[in-house]
Amino acid sequence: YTLHTLFPYTTLFRSNYDDRHEANTVDPFHRCLMHPPLPGTVGPGVVEFRISEWVQAGDPNNSQVVVVRILNSTIDLPTDIDVLAKIYDPLYFNHIQDDVDIFRYNDLCYWSESTAYKQLVDLQGNIIPRYYGSFTITLSFDGEDPRDVRLILLEIVPGPSMDKLDPSSFKQSERQEIMKAIVDSERAVYAHKVLNRDIHPGNIHSASPKAAAGRSAGCHRGFRDIVH
């Protein structure tokens with residue numbers, strides 16, 4: 001697959017979508033052609049990659065998350081490690097849900113997350129993953145009309161998420177250390193004028209001391225992923 005760097009549209013408009021019966025008469029693929037993502041400015045960067053693992057994919061997910069390996073890039077991206085691609089493709093959204101404009105909602109998720117990571121540049125690689133940029137990809141299958149899909153590339157944070165951990169396997173002092181790291185990370189995010197409204201155990205990773213050695217002291221347990 002080939003990506004192109006994209007500078008997201010700087011202004012979001014309100015949705016005027018009011019055809020709640022469209023999902024009953026038009027299939028999801030052609031709905032996506034009817035409602036392309038908001039425009040942005042395509043940059044000169046070109047990235048080739050291959051998908052190596054599925055993390056979150058298929059119906060009905062707000063975003064598709066896959067592990068990718070960068071093969072070639074005209075911008076500064078790591079080619080010796082896997083990275084995470086978060087893809088905002090409305091094709092796999094719940095098209096039966098007719099109380100929301102799923103196309104503008106996807107635009108909002110992509111715009112807000114890419115904007116948040118840029119706002120939190122000082123925290124990247126510390127309490128949040130490194131952000132490698134926003135991109136667009138043109139998809140075309142079986143001779144169908146091509147369509148553009150937005151995505152971002154992120155660092156893969158080592159270690160399990162908190163919802164996979166057994167609290168009883170940690171000493172009380174260790175649990176307190178983890179909670180303090182979470183509170184400290186949330187305070188740091190808020191201090192950068194970003195409000196994270198999706199805090200739950202699945203979005204907090206606990207890295208091993210070895211994996212966390214390169215990150216700042218006090219945050220080597222809890223890492224925050226900005227998701228929407």
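In this text, all values refer to a predicted model and were calculated from it rather than measured experimentally.
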For residues [X] and [Y], determine if any side-chain heavy atom of one lies less than 4.5 Å from a side-chain heavy atom of the other.
| X | Y | value |
| --- | --- | --- |
| R104 | L38 | yes |
| F170 | I178 | yes |
| P167 | M162 | no |
| L153 | Y131 | no |
| I81 | I70 | no |
| V149 | Y88 | no |

Would you compute the distance between atom [atom1] of [X] and atom [atom2] of [Y] and round it to the nearest 0.5 angstrom?
| X | Y | atom1 | atom2 | result |
| --- | --- | --- | --- | --- |
| L91 | L33 | CG | CG | 9.5 Å |
| L123 | Y117 | CG | OH | 11.0 Å |
| S114 | K86 | OG | NZ | 11.0 Å |
| L151 | S63 | CG | OG | 11.0 Å |
| I182 | E177 | CD1 | CD | 11.0 Å |
| S134 | Y110 | OG | OH | 3.5 Å |

Results of side chain to side chain donor-acceptor pair (under 3.5 Å) for [X] - residues two or more places apart only:
| X | answer |
| --- | --- |
| D163 | S161 |
| D145 | none |
| S73 | none |
| S169 | none |

Using the side-chain contact (heavy atoms from CB on, under 4.5 Å) criterion, which residues pair with [X]? Sequence neighbours excluded.
| X | result |
| --- | --- |
| A57 | W54, Q64 |
| Q176 | Q172 |
| T2 | H4, V46, E48 |
| V55 | V65, V67, L84 |

Is it true that [X] and [Y] fall in one hydrophobic cluster, defined by side-chain heavy atoms closer than 4.5 Å?
| X | Y | result |
| --- | --- | --- |
| I102 | V26 | no |
| V83 | I51 | yes |
| I156 | L71 | no |
| V121 | L154 | no |

Measuring centre to centre across the rings, with the benzene-like ring taken for any Trp, is Y105 within less than 6.0 Å of F93?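 Aromatic pair counts; centres sit under 6.0 Å.
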Evaluate V68 against R50 for side chain to side chain contact (heavy atoms under 4.5 Å, CB included), listing each step before the verdict. CA-CA 6 Å; V68 304; R50 61 174 172 82; over 6 Å; no
Does the pair L77 and V47 meet the rule for a side chain to side chain contact (heavy atoms under 4.5 Å, CB included), with working shown? CA-CA 9 Å; L77 289 177; V47 179; 3.6 Å; yes
Using the test salt bridge (Lys or Arg N to Asp or Glu O under 4.0 Å), find all partners of [X] that sit at least two apart in sequence or belong to another chain.
| X | value |
| --- | --- |
| D82 | R69 |
| R175 | none |
| R187 | D184 |

Stepwise, does the side chain to side chain contact (heavy atoms under 4.5 Å, CB included) test hold for F103 with R31? CA-CA 9 Å; F103 304 101; R31 291 187 74 200; 3.7 Å; yes
How far apart are the closest heavy atoms of V157 and P129, and which atoms are they?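 Minimum heavy-atom contact is CG2-CG, 3.6 Å.
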Donor-acceptor pair, [X] side chain versus [Y] backbone, under 3.5 Å?
| X | Y | result |
| --- | --- | --- |
| E155 | R130 | yes |
| E53 | V66 | no |
| E174 | K171 | yes |
| R147 | H30 | no |

Apply ring-ring contact (aromatic ring centres under 6.0 Å, His included) to Y1 and list each qualifying residue two or more places apart in sequence or on a separate chain. F49
Donor on one side chain, acceptor on other, D148 and T138, under 3.5 Å: yes
R150: which of T136, D89, N106 passes side-chain hydrogen bond (donor to acceptor under 3.5 Å, both in side chains): T136
